> 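Structure provided below as structure tokens; questions to follow.
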Amino acid sequence: MNKIEKLIQKLPKAELHLHIEGSFEPELMFAIAKRNNINLPHDSVESLQATYEFNNLQEFLDIYYQGVNVLQTQQDYYDLTWAYLLKAQADNVVHTEIMFDPQSHTERGISIDTVINGIHQALVDAQTQLGISSFLIFSLLRHLSEQECLETLEQAVPHLDKIKAIGLDSSEMGHPPEKFTKLYKRAEELGLLKIAHAGEEGPPEYVWSAIDVLGIDRIDHGNRCLEDDNLVEYIKQKSLTLTVCPLSNLKLRVVDDLTHHPIKIMLDKGLNAMINSDDPAYFGGYVNDNFFAVADALDFSEEDIVQLVKNSFTGSFLSKDKIKEHIAQVDKLL
Ligand code: HPA
Ligand code: ZN
């Protein structure tokens, strides 16, 4: 490990953009498929992994939703979440805000209680056994209708004590934020914070409307905001954090090469950008792998790493006091 990599490993950090279904490693997928008597369309981990080559977001999503199909019991959701939390601990993640896609489970007849209770129990155990704090984010699929999303959101009501925020993911192009105006109003009524994927493949206009129409508290990805100087200023004025996912951007061809990744430009412009793994089982690594890859490609300084790590806490939904404590802990280690 070089000096920068050692620093990355040493510093405690938060992860704010992680789809729990995207942390489903092939080995665990095969194990769960076996105990649920489900036949996967591949006969080995290697032949499944050979399909993990994507030209765009949609090609990835088609494979990602297929993988989800083997999850059935509360134990399956617990095991999936626990496996991610162990990886997070190894990367010195001390706080994580994870998304799940309720509709990818409920549309197969799995009850929302099974999904939420399984994930939640792992998160509770992570606090006591691994020292990792967390929030859970209820993420709706934007390729579905607003009415379907509204109906799914109502199913969250008995579980509001376990859910911090609403999110919006899946196919971005053709599904602009304003399609979900009523959904986000309802989430606000329920006391949820609000985030949305915007500007991953979609244009700067989608980032504008995620902010102005949906009233989001944080932006997932946001890469394409850099095409609009006024938007960059607006995001800074509102102190909105961008949850950036470098290896995801590379695998989904949002960038052609990590040496062209915009994270350094974002920092230089004073945007509150931070680093995440998105769907680590599919994109080639967990959060530290993402740090290592851009640190190498963009020749990051120690100051850049410290800024990114501090941004990860500033952008979290933790209380101001907790954020201060985490940042003080980072400073103590420098
Ligand atoms: N973008 C949109 N939807 C998603 C993603 C992503 O990166 N990962 C899982 N669902
Ligand atoms: Zn994502």
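In listed order, ligands and their atoms are each counted from 1. Residues: numbered from 1 along the sequence shown. Just so we're clear, the structure is a prediction, and the values are computed from it rather than from any experiment.
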> Between S248 and F60, is there a side-chain heavy-atom distance shorter than 4.5 Å?
no
> Strictly below 4.0 Å, N to O, side chains only: are K164 and E97 in salt-bridge contact?
no
> Report the nearest protein non-hydrogen atom to atom 8 (N) of ligand 1: residue, atom name, distance rounded to 0.1 Å.
D279 OD2, 2.7 Å
> Is the shortest side-chain heavy-atom distance between I63 and E59 below 4.5 Å?
no
> Using heavy atoms and a 4.0 Å limit, tell me yes or no: is G22 in contact with ligand 1?
no
> Tell me: protein heavy atom nearest atom 7 (O) of ligand 1, and distance?
D278 OD2, 2.8 Å
> For the Zn ion (ligand 2), which N, O or S atom of D278 is at the shortest distance?
OD1
> Could you check whether R186 makes a cation-pi contact with F180, meaning its NZ or CZ is under 6.0 Å from the centre of the six-membered ring and within 45° of the ring axis?
no
> Quick check: does Y65 get an N/O under 3.5 Å from an N/O on ligand 1?
no
> Looking at the Zn ion (ligand 2), is one of the N, O or S atoms of H17 less than 2.8 Å from it?
yes
> Is there at least one pair of N or O atoms, one from S248 and one from ligand 1, spaced under 3.5 Å apart?
no
> What residues join M274 in its hydrophobic cluster, counting side-chain heavy atom gaps under 4.5 Å, either direct or through other members?
L16
> What N/O/S atom of H197 is the closest to the Zn ion (ligand 2)?
NE2
> Write out the residue and atom name of the closest protein heavy atom to atom 3 (N) of ligand 1, then the distance separating them to 0.1 Å.
S170 N, 2.8 Å
> I want to check something: taking the side chain as every heavy atom from C-beta on, are I137 and R218 in contact at a cut-off of under 4.5 Å?
yes
> Does M99 have a non-hydrogen atom less than 4.0 Å from ligand 1?
no
> Which of the atoms of ligand 1 are close to F60, meaning less than 4.0 Å from one of its heavy atoms?
8 (N), 9 (C)
> Using 4.0 Å as the upper bound for N to carboxylate O, is an ion pair formed by D76 and R35?
yes
> Tell me whether H19 has any N or O atom under 3.5 angstrom from an N or O of ligand 1.
yes
> Just checking: H221, one of its N/O/S atoms, less than 2.8 Å away from the Zn ion (ligand 2), yes or no?
no
> Using a strict cut-off of 4.0 Å, indicate which atoms of ligand 1 neighbour a heavy atom of L61.
3 (N), 4 (C), 10 (N)
> Starting from atom 1 (N) of ligand 1, which protein heavy atom do you reach first, and at what distance in Å?
E200 OE1, 2.8 Å
> Against heavy atoms of H221, which atoms of ligand 1 measure under 4.0 Å?
7 (O)
> Taking the side chain as C-beta and beyond, is there a heavy-atom pair between F292 and F300 under 4.5 Å?
no
> So, does D101 sit close enough to ligand 1 that a heavy atom of it is under 4.0 Å from the ligand?
no
> At a non-hydrogen distance cut-off of under 4.0 Å, which region of E172 contacts ligand 1 (side chain, backbone, both, or neither)?
neither
> Counting only heavy atoms not in E154, do more than 12 sit closer than 6.0 Å to its CD atom?
yes
> Looking at D220, D278, D101, which one forms a side-chain hydrogen bond (donor to acceptor under 3.5 Å, both in side chains) with H19?
D278
> Does R142 pair with D169 as a salt bridge, N-O distance under 4.0 Å?
no
